[in-house]
**Q** 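Could you have a look at this structure, given as structure tokens, before my questions?
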2 protein chains.
Amino acid sequence: MRSFPAIARTIEHGMARTHGSKAEITGPLVRESALRLFARHGYDAVSMRQIAADVGVQVGTLYAYTADKQALLADLLRGHMEELLAEWSDDPALPALDRLKSFLRFHIQTSLKRPEAVFLSYMELRSLAPENRRAIAALRREYEDALEAILASGEAEGTMKLPDRRLATMALISMLTGVTNWYREDGRLDQERVVAIYWDLVRGAVGA
Amino acid sequence: MRSFPAIARTIEHGMARTHGSKAEITGPLVRESALRLFARHGYDAVSMRQIAADVGVQVGTLYAYTADKQALLADLLRGHMEELLAEWSDDPALPALDRLKSFLRFHIQTSLKRPEAVFLSYMELRSLAPENRRAIAALRREYEDALEAILASGEAEGTMKLPDRRLATMALISMLTGVTNWYREDGRLDQERVVAIYWDLVRGAVGA
DNA sequence: GTCTATAGGGGGATAGAC
DNA sequence: GTCTATCCCCCTATAGAC
């Protein structure tokens, strides 16, 4: 009655195996699979067995790459936020409106390039243990503050008029991140067009 | 070794019991507990046993009020969307900017009055079986269309200027719903102030 | 580095007593 | 209407072989 489904089945990341080593790539594959599955079905809905099946290994193998399921989620979220902060570059010498447009483009393009990481970061903070949650929340706050600094400089310049700077920061981030809710790769609008449309909306919102 | 924790412990909705009937109220209590727990921890993370403990009944009792866990979630989401649509009233004869301001106030106040239902509706669509998901998505679309109709009328009047009406609809809803992410009852701003600040932002965004 | 096997714990849902 | 008891399934994590 016993069969060999792991061998018989072709899976997304390649043929499964019952023995043999692919150390160089298994780690990243585990992270990729976990990211996609967590984002699609939710952290609690996804089992380590599903992740293993998606990667093409057995469950036990996963524990060579992560201490436990919780650490896997925390690493994904931390990695995403750190990449975001590392990739974002700002020049305080430029006019605030130019900096805001850069931020908008960066945020939308990143959100559409890594929609799963963005979605996960906003949805599964609650699934983290308290200390992990605090660490990720601090990184997110740092990112929000980057936008808030731009708005502050726009107010100082007199090129922006905001009823409440902190609230405007949160409102703009919510609005921009919302693209992940409806954007479709094969939809009516390409990314450049989306950026242009949002820029019209945002420019109006900040009173420019 | 056996104790009677269900009797010994005072729980949130009243004293637990090992027998006895409270038919009139148990149904609503089940829905309230499920809503709160699902919103806080996620649908998959919450067990029927946890819900039962929160209500103060035993697990089996829940199945007198719902066919299964999936139906419980679907009923909560459908109920929320139907309430939203029933409570919203619009007068197409009024100027579009007035209607938009009403929508904004309604959406923010509702979101802050029932933050758990709002959060759940946006986060747990994915946990629904396909037919349930389609039904809820249709109700949500109806709600979005109510806003889009206001924007269309503003464009027709010439009081609003929008680069893309559908996208503006989605952007505004994302922005407004975002209040649930940061608003705190005991925070810096009361609801009226929040409404006023968002109205400034939105008015600018629609080019008024 | 990966596998197999398993320990130990919860989960959803149902049956039948009261 | 509620409780108790139970079926059967799946889960995370670990131990030890290869």
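First the proteins, then the strands, lettered A, B, ... as listed; each starts at 1.
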**Q** Grab the two heavy atoms, one from Leu76(A) and one from Phe38(A), that are nearest each other, plus how far apart they are.
**A**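 Reported closest heavy-atom pair: CD1-CD1, 3.9 Å.
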**Q** Thr26(A) side chain N/O closer than 4.0 Å to the phosphate oxygens (OP1, OP2) of dT2(C)?
**A**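 Thr26(A) to dT2(C) OP1/OP2: side-chain N or O found under 4.0 Å.
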**Q** For nucleotides 9-14 of chain C, read 5' to 3', which letter fits each nucleotide if B means a protein heavy atom sits under 4.0 Å from the base, S means only the sugar-phosphate is that close, and - means neither?
**A** --BBBB
**Q** Round to the nearest Å and state the distance from Ile25(B) atom CD1 to dT2(D) atom C1'.
**A**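 In whole Å, dT2(D) C1' lies 13 Å from Ile25(B) CD1.
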**Q** Rounding to a whole Å, what distance do you find between Gln58(A):CD and dA13(D):P?
**A**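 In whole Å, dA13(D) P lies 17 Å from Gln58(A) CD.
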**Q** Please give, in whole Å, the distance from dA13(D) C1' to Leu62(A) CG?
**A**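 After rounding, the reported distance stands at 11 Å.
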**Q** Applying side-chain hydrogen bond (donor to acceptor under 3.5 Å, both in side chains), name anything that partners Arg134(B), two or more places apart in sequence or on another chain.
**A**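 Partners of Arg134(B) under the side-chain hydrogen bond (donor to acceptor under 3.5 Å, both in side chains) test: none.
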**Q** Once salt bridge (charged side-chain N to carboxylate O under 4.0 Å, His left out) is applied, what residue pairs with a partner in residues 75-92 of chain A remain, sequence neighbours excluded?
**A**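 Every salt bridge (charged side-chain N to carboxylate O under 4.0 Å, His left out) pair that includes a residue of residues 75-92 of chain A, provided the two are not neighbours, is Asp75(A)-Arg78(A), Glu83(A)-Arg114(A), Glu87(A)-Arg114(A), Asp90(A)-Arg99(A).
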**Q** List in chain and number order the residues that pass side-chain hydrogen bond (donor to acceptor under 3.5 Å, both in side chains) with Glu155(B), two or more places apart in sequence or in another chain; answer none if no residue qualifies.
**A**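 Residues passing side-chain hydrogen bond (donor to acceptor under 3.5 Å, both in side chains) with Glu155(B): Arg165(B).
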**Q** List the residues meeting side-chain hydrogen bond (donor to acceptor under 3.5 Å, both in side chains) with Arg188(B), not counting sequence neighbours, and say none if there are none.
**A**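 Testing Arg188(B) for side-chain hydrogen bond (donor to acceptor under 3.5 Å, both in side chains), a comparison that skips the adjacent residues, returns Asp164(A).
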**Q** Show me the donor-acceptor pairs within less than 3.5 Å that the side chains of residues 118-125 of chain B make with the rest of the protein, sequence neighbours left out.
**A**
{"from": "Ser121(B)", "atom 1": "OG", "to": "Ala117(B)", "atom 2": "O", "distance (Å)": "2.9"}
{"from": "Glu124(B)", "atom 1": "OE1", "to": "Ser127(B)", "atom 2": "OG", "distance (Å)": "2.5"}
{"from": "Glu124(B)", "atom 1": "OE2", "to": "Arg126(A)", "atom 2": "NH2", "distance (Å)": "3.4"}
{"from": "Glu124(B)", "atom 1": "OE2", "to": "Tyr43(B)", "atom 2": "N", "distance (Å)": "2.9"}

**Q** Should Tyr65(B) be listed as having a side-chain N or O under 4.0 Å from OP1 or OP2 of dG1(D)?
**A**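 No, Tyr65(B) has no side-chain N/O under 4.0 Å of OP1/OP2 on dG1(D).
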